Amino acid sequence: MSEGKKVLLIYTGGTIGMVPDPATGVLRPFSLDALMQRIPELHELDCTIDLHSFDRPVDSSDMRIPHWQALGELIHHHYSSYDGFVVLHGSDTMAYSAAALSFMLEDLQKPVVLTGSQLPIGVLRSDAKENLLTALEIACAQNADGRAVVPEVGVYFEYDLFRGNRVHKENTEDFEAFRSPNYPKLAESGVRLKFRSEAILQRKGSFRYHPELSSSVGVLSIQPGLSLEWLRHQLHSTDMACFVLQSFGSGNLPTDPDFLGILKEAIDRGKVLVNVSQCRTGAVQHGLYGTSEALDRLGIVSGRDILLEAAWAKLMHLHGLGLSSDEIREGFARPICGEMSL
Ligand code: ASP
């Protein structure tokens, strides 16, 4: 194996890293040795791989803020020692972790590629081998001048590399589990690995790490005929500071003055409300219909084409920074690292 480039492979848990214990058959997290034995092609990659496993690997449904901070901390701590990072992660909440990392790792100059698989690495038909090998290849891909080809947080799954804050998991059965409805793929793996440089972030600043994340964020999905009492309770009975409102179509909400009054009252009390469509493809456009005309006036922020996962993580990041409600509203309206269109 070449001593040139170095990648840190971080195992957080999830299906991909499980191998059957030879004695009992129970699925357990792998060791680097076991991995190297199962995937001898790893020796052919033009990079050195170091493995770091979480002490207690978790199913991704158990991921919480401290896990994201542990991941961010690891990357921050080892930032100058590696050319890139691959994070093995359960697919269920991978999009949330990828989005969170994209905000925590500001002006990242190196690839952080999250990947996983639908079947464990030890299973004959597993998608794990290709996902892992190509994620590692992406993590050490460099231009002729030595700069990383993909200086951003990505999700690699089933031959496609997506921007980490533009994906969502949409399929529990197919190997093709992720989709990026509003932003092109960053790379596609076929006979060759094809990078789309026009879609990849061009970094200018220098790397900064933001560990602070707030848990004072909620999601309210609006349904026709929803109880106003319930809405008032959700918005006012907790000390939650920020809410993602999941609206209809291009950002439409009921025009009932009582409904809008409850939202207005929340904003007047300093809560931040962000409008994200229940439709995954396309964008919120305030004022396109009469049903969204009042929203700018009320102080509801348009999430445009952002996905729920990224909106959630962006609010956790902005509120975590200790910003005021007005600063969060302003900060949310601007793209930070390619998570929404201008
Ligand atoms: N439930 C698993 C997880 O998200 C599924 C997977 O690994 O893809 O951790």
Side-chain angles (χ1 to χ4, degrees), residues 8-21 25-32 34-35 38-39 42 49 51-72 74-75 85-102 104 112-136 138-139 153-181 185 189 213 215 219 280 307-310 312-313 316:
L8 182 63
L9 178 62
I10 304 170
Y11 179 56
T12 67
T15 305
I16 187 165
M18 300 289 171
V19 285
D21 182 301
V26 173
L27 287 176
R28 297 199 190 288
F30 58 55
S31 65
L32 190 56
L35 187 67
R38 272 174 200 275
I39 313 185
L42 284 169
I49 303 162
L51 177 71
H52 179 101
S53 180
F54 272 19
D55 290 341
R56 285 204 207 156
V58 289
D59 185 285
S60 75
S61 300
D62 283 324
M63 278 275 165
R64 291 182 298 113
I65 289 176
H67 297 103
W68 290 348
Q69 288 166 332
L71 259 178
L74 263 172
I75 295 167
F85 300 83
V86 171
V87 178
L88 300 179
H89 194 291
S91 59
D92 291 348
T93 68
M94 190 185 291
Y96 288 91
S97 298
L101 286 172
S102 76
M104 295 165 80
V112 173
V113 185
L114 282 81
T115 193
S117 63
Q118 297 281 60
L119 287 172
I121 216 151
V123 171
L124 194 62
R125 291 181 52 256
S126 177
D127 48 335
K129 181 166 149 180
E130 200 285 321
N131 285 351
L132 173 59
L133 284 169
T134 308
L136 287 163
I138 293 166
V153 178
V155 164
Y156 182 77
F157 226 88
E158 191 62 6
Y159 304 110
D160 291 324
L161 177 70
F162 303 106
R163 174 163 296 160
N165 53 33
R166 287 289 200 157
V167 276
H168 72 99
K169 181 172 179 180
E170 77 149 13
N171 198 313
T172 59
E173 300 199 337
D174 290 355
F175 286 144
E176 225 170 277
F178 287 88
R179 225 166 67 83
S180 170
K185 297 167 188 171
S189 162
L213 290 168
S215 57
V219 176
R280 296 289 201 159
L307 293 174
L308 169 67
E309 292 82 347
W312 170 263
M316 288 172 107

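Throughout, residue positions are numbered sequentially from 1 according to the sequence presented. FYI, side chains are in, hydrogens and waters are out, and symmetry mates aren't considered; it's all heavy atoms of this structure. Both counts, for ligands and for their atoms, begin at 1 and track the order of listing. Everything numeric here is computed off the predicted structure, so don't read it as measured data.
- In terms of polar-atom proximity, defined here as any N/O pair under 3.5 Å, S61 makes no such contact with ligand 1.
- When atom types are taken as modelled, the side chain of T115 and the backbone of L132 share no donor-acceptor pair closer than 3.5 angstrom.
- With a 4.5 Å cut-off on side-chain heavy atoms, I138 and S189 do not count as touching.
- The protein non-hydrogen atom at the shortest distance from atom 5 (C) of ligand 1 is T15 OG1, 3.5 Å.
- Given atom 2 (C) of ligand 1, the protein heavy atom at minimum distance is D59 OD2, 3.4 Å.
- At a heavy-atom cutoff of 4.0 Å, ligand 1 is contacted by the backbone of S117 but not by its side chain.
- What sits closest to atom 9 (O) of ligand 1 on the protein, heavy atoms only, is S60 N, 2.7 Å.
- Taking CZ of F85 as the start and CG of L71 as the end, the distance is 11.0 Å to the nearest 0.5 Å.
- Of the possible donor and acceptor atoms, one in the side chain of N131 sits under 3.5 Å from a partner among the backbone N and O of G116.
- Taking the six-membered ring where tryptophan is involved, the planes of Y96 and W312 are perpendicular, since the angle between them exceeds 60° and thus also 30°.
- A donor-acceptor pair is defined here as one N or O able to donate and one able to accept, closer than 3.5 Å; no such pair exists between the side chain of E158 and the backbone of A177.
- From the protein, the heavy atom lying nearest to atom 8 (O) of ligand 1 is S91 OG, 2.5 Å.
- Which parts of ligand 1 touch G14 is read off a 4.0 Å heavy-atom cut-off, strictly below it: atoms 7 (O), 9 (O).
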